[in-house]
Amino acid sequence: MVGDFVRESLDLHLFMARIMKEHATFMQIGFLPKDVTYTAQAEEFKCQYDEILKEAIMLGDCTASESVLQSGELVTDKTLGAEQKTQELTGIYIECSLTAEELKFHPDPGTIPPEIIPNIQALNEKAKTLTTSFAEFKAMVLDQVTKCCLFTNLLPSQYSHIHKEALFYLKLINRLQNNQFVNSRVELYEQKVFWDDIMGEHAQVISHLLDPSEKNLISKAEDFDRLFKRLERKLKGEGARATQLEQLRQENIQATTAIANFKAMSTDLLLGCQIRSMLTPLLTDHTLREAYYYLRILKTLKLVYLGRG
């Protein structure tokens, strides 16, 4: 079971540490010049998540799960270009070398030495402490924005969105550190409730950050928002009975594949300067990787051991 604990931990950090560091980048982009203290705090969080990601990369090559490496959730074929273009557009430094390293990853050969466990436990604790602080920072900024004490170029709903994702990360770290077993049906239900909401919010944000002239793309984004709201309502209405859950899983695979294709197309168009918007290519690639994560969960989730021993 050593391998399960190690792989679960590294798979999580390779995905979520990158997501968190990009949240910090998006916050940096959103703050105005007068709010230098907030900008500096976001920069510090970004640098600290770079360190988490560096450590996970060092431990994860030949250790991370093959299904995760093949899913596209860690990096896509667009991520490096999206980082470079976003850095060029914003002037904010992005550690692109980490992406280049991940693109060269090799899959897990099936043998993980037990002596690696203390390193993984320490990494989990480090990520837990950092993410607790980052969640508090996000909540504080959201509070300031909603009280009209702070103006940023991110929507209030974006701060709420990234705060939820930090809490989700913390929940999964705590499960790992507390040796928790999770029933696959319960896990699928929890993941579906969470990611249906997230996918719908992605569609909302994309539709609001597109220029009004992009009527076709806005219409498609709004369609996806309605689709995921409907799937979320169906789950809550039908409960978690096995037959309905399996049917909903298949519907979600179709819906998530479709929105992933939409996000991939949008990223390509942004990289080619073919969309009028306030979107950066890193933002759409970021949401694309989250869709790929959800797709892997939907397609491969089975009874997973989240403890060790």
Side-chain angles (χ1 to χ4, degrees), residues 11-30 42 46 49-50 53 56-57 68-105 153-155 158 161-162 165-166 168-169 195 198-211 214 217-218 220-221 224 228 255-297:
D11 291 348
L12 177 62
H13 299 311
L14 287 167
F15 172 64
M16 286 302 301
R18 177 177 288 276
I19 293 298
M20 292 296 114
K21 84 162 196 160
E22 289 170 354
H23 287 172
T25 301
F26 302 147
M27 293 178 80
Q28 282 183 277
I29 293 171
K46 182 185 69 178
Y49 277 110
D50 275 340
L53 190 55
I57 288 171
V68 169
L69 295 180
Q70 293 178 347
S71 68
E73 69 195 68
L74 303 186
V75 288
T76 73
D77 59 351
K78 312 173 199 309
T79 304
L80 186 57
E83 287 180 326
Q84 292 167 340
K85 186 62 178 178
T86 299
Q87 181 173 263
E88 174 192 328
L89 291 171
T90 65
I92 292 173
Y93 177 73
I94 297 171
E95 186 72 76
C96 299
S97 63
L98 299 178
T99 302
E101 287 185 48
E102 284 191 82
L103 286 168
K104 298 184 290 187
F105 256 23
N153 288 312
L154 267 64
L155 300 167
Q158 286 179 277
H161 178 95
I162 64 177
E165 291 188 353
F168 175 77
Y169 188 16
W195 287 106
I198 294 295
M199 292 297 115
E201 289 181 355
H202 285 169
Q204 290 172 12
V205 167
I206 290 171
S207 71
H208 282 84
L209 294 182
L210 286 163
D211 187 82
E214 298 286 0
L217 291 174
I218 291 170
K220 287 181 180 178
F224 281 120
F228 280 98
T256 308
T257 299
I259 199 171
N261 291 340
F262 174 71
K263 292 170 177 177
M265 176 194 70
S266 299
T267 305
D268 284 334
L269 291 173
L270 285 164
L271 287 170
C273 196
Q274 295 175 278
I275 293 181
R276 295 182 179 187
S277 74
M278 293 179 65
L279 296 160
T280 63
L282 186 58
L283 177 58
T284 51
D285 184 72
H286 172 98
T287 65
L288 173 60
R289 279 177 268 120
E290 291 187 356
Y292 285 155
Y293 171 92
Y294 187 25
L295 269 177
R296 178 180 62 82
I297 294 297

Requested in this report: Identify which one of Leu14, Thr99, Asp11 satisfies the side-chain contact (heavy atoms from CB on, under 4.5 Å) criterion when paired with Leu74.
Outcome: Leu14

Counting N and O atoms only, with roles assigned by atom type, does the side chain of [X] sit under 3.5 Å from a partner on the main chain of [Y], one being a donor and the other an acceptor?
X	Y	value
Gln158	Leu155	yes
Lys85	Thr280	no
Ser266	Phe262	yes
Thr284	Lys263	no

If you compare all heavy atoms of [X] against all heavy atoms of [Y], which two are closest, and at what distance to 0.1 Å?
X	Y	answer
Gly81	Leu271	O-CD2, 3.7 Å
Gln28	Ala42	CG-CB, 3.6 Å
Leu154	Gly30	CD1-CA, 3.5 Å
Ala221	Ser207	CB-CB, 3.7 Å
Leu295	Thr257	CD2-OG1, 3.4 Å
Ile94	Thr25	CD1-CG2, 4.4 Å

State the [atom1]-[atom2] distance between [X] and [Y], to the nearest 0.5 angstrom.
X	Y	atom1	atom2	answer
Ile297	Thr256	CD1	OG1	11.5 Å
Lys78	Arg289	NZ	CZ	12.0 Å
Gln84	Thr79	CD	OG1	11.0 Å
Leu282	Glu22	CG	CD	4.5 Å
Ile206	Thr287	CD1	OG1	4.5 Å
Cys96	Glu101	SG	CD	12.0 Å

Requested in this report: Decide whether a cation-pi geometry holds between Arg296 and Tyr293; the criteria are a distance under 6.0 Å from NZ or CZ to the six-membered ring centre and an angle within 45° of the ring axis.
Outcome: yes

Report task. Apply side chain to side chain donor-acceptor pair (under 3.5 Å) to the pair Tyr292 and Glu290, showing each step before the final yes or no. Result -> CA-CA 5 Å; Tyr292 285 155; Glu290 291 187 356; over 6 Å; no

Query raised in the report: Stepwise, does the side-chain contact (heavy atoms from CB on, under 4.5 Å) test hold for Phe228 with Ile259?
Result: CA-CA 10 Å; Phe228 280 98; Ile259 199 171; 3.9 Å; yes

Query - Pair Met265-Leu269, side-chain contact (heavy atoms from CB on, under 4.5 Å): steps then yes or no - result: CA-CA 6 Å; Met265 176 194 70; Leu269 291 173; 4.0 Å; yes

Query - Working for salt bridge (Lys or Arg N to Asp or Glu O under 4.0 Å), residues Lys21 and Asp50 - result: CA-CA 7 Å; Lys21 84 162 196 160; Asp50 275 340; 3.0 Å; yes

Side chains of [X] and [Y], heavy atoms from C-beta outward: is any pair under 4.5 Å?
X	Y	value
Ile57	Leu98	yes
Val205	His161	no
Ile29	Thr86	yes
His13	Leu53	no
Met199	Phe224	no

Query raised in the report: Under the side-chain contact (heavy atoms from CB on, under 4.5 Å) criterion, do Ser277 and Leu209 qualify, and how do the steps go?
Result: CA-CA 6 Å; Ser277 74; Leu209 294 182; 5.6 Å; no

Report task. State yes or no: are the ring centers of Tyr49 and His23 separated by less than 6.0 Å? Result -> no

Query raised in the report: Less than 4.0 Å between a side-chain N and a carboxylate O, is that true for Lys220 and Glu214?
Result: no

Query raised in the report: Can you tell which of Glu73, Glu83, Glu165 makes a salt bridge (Lys or Arg N to Asp or Glu O under 4.0 Å) with Arg18?
Result: Glu83

**Report entry** ring-ring contact (aromatic ring centres under 6.0 Å, His included) between Phe26 and His286, intermediate numbers included
**Finding:** CA-CA 11 Å; Phe26 302 147; His286 172 98; 5.2 Å; yes

Query raised in the report: Do the rings of Phe168 and Trp195 sit parallel, tilted or perpendicular, given the 30° and 60° boundaries?
Result: perpendicular

Query raised in the report: Is it true that the side chains of Thr267 and Asp285 contain a donor and an acceptor less than 3.5 Å apart?
Result: no

